[in-house]
Amino acid sequence: MKRLLSFALLLPALAVAKVPVEEDILDRITDTSSPYYYTGLMMRYNAGDETLTDEDYHYLYYGYAYQDSYKPLNTNPDLDRVLLLASGLDPDAPDVGTLEAIISAGTDALARDPFSPKLLNLMSYAYGALGDKERERAYSNRMNGIVRTILSSGDGFTQKTPRHILMFDHALDVLTVEGFSYDKSRVISRTVEFVPLTSPYVVEGKKRRGFYFDFSRIYRNKPEGYTYKRDRTWQFNNLKPRTYK
């Protein structure tokens, strides 16, 4: 199997956080004269446009919270099917029929969660294993763009500087990309949750025990009495995020 994703290659140094500002996002994605008009951005994204910038991805990702199709608390049975199929794969000698089934189920799953890093990664892997290098690169580029967007929204070191996510699983996917293992998250406030790491690490002389994530967008229309059940992790059979040239 191709080498695993290199975090250093995936992300440039993030000097200044680009915190999503709701008024700005809504104004830009609903203005038909704006380069960030949502219909146009999503068409480019779905077409695999490689000219999409980090600014484009910022409005794509956070603008999705204002689309009718954004239903973060709904189940995604196609995602479960993808994970089940992938769990039985031999990454070094994958079965062609299983790869094609992953692509079929993954396409349906992305209709419910078009920015899922785990789904984008698996689609990239499946296409690459089938020899379709163009689509392999396209899905890899999308995954990297989404991960960069989340990481640039805040350093996640404090409750006041969280990383902003649209789905609970996106937080765990980002930590996986960074190479961290984590324990069960806990709610800190009405808008922020904390995901502890199984082992702390030191950055800039400070010990970091986990990361804060803003999940406020997820609960804007939470049904009464709803309890969220986390999906399975996407680390299985050594199939992890990768990078492509």
Side-chain angles (χ1 to χ4, degrees), residues 10-74 76 79 106-121 123-124 134-135 137-156 159-171 173-174 177 189-193 212-223:
L10 172 69
L11 296 163
L14 300 173
V16 179
K18 186 171 178 57
V19 179
V21 178
E22 300 307 310
E23 183 178 352
D24 168 67
I25 291 170
L26 190 57
D27 284 347
R28 298 292 187 95
I29 66 171
T30 56
D31 180 358
T32 56
S33 65
S34 167
Y36 308 113
Y37 180 56
Y38 206 79
T39 300
L41 275 182
M42 185 57 84
M43 288 178 64
R44 292 173 62 195
Y45 176 78
N46 288 331
D49 188 343
E50 295 187 357
T51 67
L52 286 169
T53 65
D54 286 349
E55 192 80 356
D56 293 328
Y57 271 104
H58 175 81
Y59 289 101
L60 257 173
Y61 185 71
Y62 295 112
Y64 189 59
Y66 295 97
Q67 309 308 305
D68 291 339
S69 54
Y70 177 59
K71 301 181 186 302
L73 296 175
N74 282 5
N76 194 341
L79 170 59
T107 299
D108 292 337
L110 284 170
R112 292 185 174 92
D113 186 1
F115 305 118
S116 166
K118 70 165 73 62
L119 278 171
L120 295 170
N121 178 69
M123 292 289 282
S124 178
E134 182 177 352
R135 285 191 175 92
R137 185 177 63 252
Y139 280 99
S140 175
N141 287 342
R142 292 177 205 176
M143 186 195 79
N144 289 345
I146 297 306
V147 172
R148 285 197 304 269
T149 297
I150 295 171
L151 290 179
S152 66
S153 67
D155 58 27
Q159 187 175 341
K160 293 183 178 180
T161 60
R163 295 168 172 177
H164 293 250
I165 54 172
L166 295 187
M167 302 279 190
F168 286 117
D169 285 351
H170 294 182
D173 290 351
V174 166
V177 169
S189 70
R190 297 185 65 178
T191 61
V192 176
E193 68 172 4
Y212 293 87
F213 291 89
D214 182 302
F215 62 92
S216 58
R217 294 163 185 81
I218 298 172
Y219 275 151
R220 281 176 184 168
N221 297 305
K222 184 178 84 71

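Keep in mind that this is a model prediction, so the values were computed, not measured.
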A.B. asks: Any chance you could lay out the side-chain hydrogen bond (donor to acceptor under 3.5 Å, both in side chains) test for Asp56 and Thr53, step after step, and finish with the verdict?
C.D. replies: CA-CA 5 Å; Asp56 293 328; Thr53 65; 3.2 Å; yes
A.B. asks: Do the side chains of Ile218 and Glu193 get nearer than 4.5 Å, heavy atoms only?
C.D. replies: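 Counting from C-beta outward, Glu193 and Ile218 never come under 4.5 Å.
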A.B. asks: Tyr59 vs Asp24, test: side-chain hydrogen bond (donor to acceptor under 3.5 Å, both in side chains). Steps then yes/no.
C.D. replies: CA-CA 9 Å; Tyr59 289 101; Asp24 168 67; 2.7 Å; yes
A.B. asks: Could you tell me whether a side-chain N or O of Arg135 sits under 3.5 Å from a main-chain N or O of Gly48, the two making a donor and an acceptor?
C.D. replies: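 Judged by distance alone, no pair lies under 3.5 Å.
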A.B. asks: Would you say the side chain of Val174 lies within less than 4.5 Å of the side chain of Ile146, judging by non-hydrogen atoms?
C.D. replies: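 No - every pair of side-chain heavy atoms lies 4.5 Å or more apart.
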A.B. asks: Test side-chain hydrogen bond (donor to acceptor under 3.5 Å, both in side chains) on Tyr62 and Glu22 and set out the steps.
C.D. replies: CA-CA 8 Å; Tyr62 295 112; Glu22 300 307 310; over 6 Å; no
A.B. asks: Can you see which heavy atom on Asn141 is nearest to which on Tyr57, and at what distance?
C.D. replies: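 Between these two residues, the closest heavy atoms are O-OH, 3.6 Å.
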A.B. asks: Supply the atom-to-atom distance Asp173 CG to Leu120 CG, rounded to the nearest 0.5 angstrom.
C.D. replies: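 Interatomic distance, Asp173 CG to Leu120 CG, rounded to 0.5 Å: 9.5 Å.
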A.B. asks: Can you tell me if Tyr37 uses its side chain to pair, donor with acceptor, with the backbone of Arg28 under 3.5 Å?
C.D. replies: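 No: the side chain of Tyr37 does not pair with the backbone of Arg28.
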A.B. asks: Take Arg142 and Leu110 through the side chain to side chain contact (heavy atoms under 4.5 Å, CB included) test and state the conclusion after the steps.
C.D. replies: CA-CA 12 Å; Arg142 292 177 205 176; Leu110 284 170; 5.6 Å; no
A.B. asks: Can you find a pair of side-chain heavy atoms, one from Met123 and one from Met143, that are under 4.5 Å apart?
C.D. replies: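 Met123 vs Met143: side chains apart.
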A.B. asks: I'd like to check Thr39 versus Thr32 (side-chain heavy atoms, cut-off strictly below 4.5 Å). Are they in contact?
C.D. replies: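 Counting from C-beta outward, Thr39 and Thr32 never come under 4.5 Å.
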A.B. asks: First locate atom CG of Leu151, then atom NE2 of His164, and finally report the distance between them rounded to the nearest 0.5 Å.
C.D. replies: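 Leu151 atom CG to His164 atom NE2 measures 12.5 Å (nearest 0.5 Å).
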A.B. asks: Using the test ring-ring contact (aromatic ring centres under 6.0 Å, His included), find all partners of Tyr139 that sit at least two apart in sequence or belong to another chain.
C.D. replies: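 Once residues adjacent in sequence are excluded, the partners of Tyr139 under the ring-ring contact (aromatic ring centres under 6.0 Å, His included) criterion are Tyr127.
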A.B. asks: Hey, what do you get for CD (Gln67) to CD1 (Ile29), rounding to the nearest 0.5 Å?
C.D. replies: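 Gln67 CD to Ile29 CD1: 5.0 Å, rounded to 0.5 Å.
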A.B. asks: Show your reasoning for whether side-chain hydrogen bond (donor to acceptor under 3.5 Å, both in side chains) applies to Thr51 and Arg44.
C.D. replies: CA-CA 9 Å; Thr51 67; Arg44 292 173 62 195; 3.2 Å; yes
A.B. asks: Closest heavy-atom contact between His58 and Pro20?
C.D. replies: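 Distance-wise, the nearest heavy atoms are CE1-CA, 3.7 Å.
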A.B. asks: Between Leu26 and Tyr38, is there a side-chain heavy-atom distance shorter than 4.5 Å?
C.D. replies: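 Tyr38 does not reach Leu26 side chain to side chain.
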A.B. asks: Establish, for the pair Arg220 and Tyr66, whether the NZ or CZ atom is under 6.0 angstrom from the six-membered ring centre and no further than 45 degrees off its axis.
C.D. replies: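 Because its charged atom sits under 6.0 Å from the ring centre and within 45° of the axis, Arg220 does stack over Tyr66.
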A.B. asks: Does some side-chain heavy atom of Asp169 sit less than 4.5 Å from a side-chain heavy atom of Ser116?
C.D. replies: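 No, every pair of side-chain atoms sits at 4.5 Å or beyond.
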A.B. asks: Between Ile150 and Leu166, does a side chain to side chain contact (heavy atoms under 4.5 Å, CB included) hold up when you go through it step by step?
C.D. replies: CA-CA 9 Å; Ile150 295 171; Leu166 295 187; over 6 Å; no
A.B. asks: Among Tyr61, Phe213, Phe115, which residue meets the ring pair (Phe, Tyr, Trp, His ring centres under 6.0 Å) test with His170?
C.D. replies: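 So the option named by the test is Tyr61.
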A.B. asks: If you look at every heavy atom in Tyr64 and Arg112, which pair is closest and at what distance?
C.D. replies: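 That closest heavy-atom pairing would be OH-O, 3.9 Å.
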A.B. asks: Of the non-hydrogen atoms in Ala109 and Leu79, which two are nearest, and what is the gap between them?
C.D. replies: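 Ala109 and Leu79 have their closest heavy atoms at CB-N, 3.7 Å.
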A.B. asks: So do the side chains of Gln159 and Ser189 get within less than 4.5 Å of each other, counting heavy atoms only?
C.D. replies: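 A side-chain contact under 4.5 Å exists here.
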A.B. asks: Please check if the side chain of Thr149 supplies one atom and the backbone of Gly145 the other of a donor-acceptor pair under 3.5 Å.
C.D. replies: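 Indeed, once roles are kept as given, a pair shorter than 3.5 Å links the two residues.
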A.B. asks: Relative to each other, are the rings of Tyr219 and Phe168 parallel, tilted or perpendicular (30° and 60° limits)?
C.D. replies: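 If you compare the ring of Tyr219 with that of Phe168, the planes turn out perpendicular.
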A.B. asks: Would you say the side chain of Leu60 lies within less than 4.5 Å of the side chain of Leu52, judging by non-hydrogen atoms?
C.D. replies: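 Yes, close enough: below the 4.5 Å cut-off.
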A.B. asks: Which heavy atom of Tyr212 sits nearest a heavy atom of Val192, and at what distance?
C.D. replies: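 In terms of heavy atoms, the two residues are closest at CD2-CG1, 3.8 Å.
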A.B. asks: Tell me the closest heavy-atom pair linking Pro162 and Asp214, and the distance in Å.
C.D. replies: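 What the structure gives for the nearest pair is CB-N, 3.6 Å.
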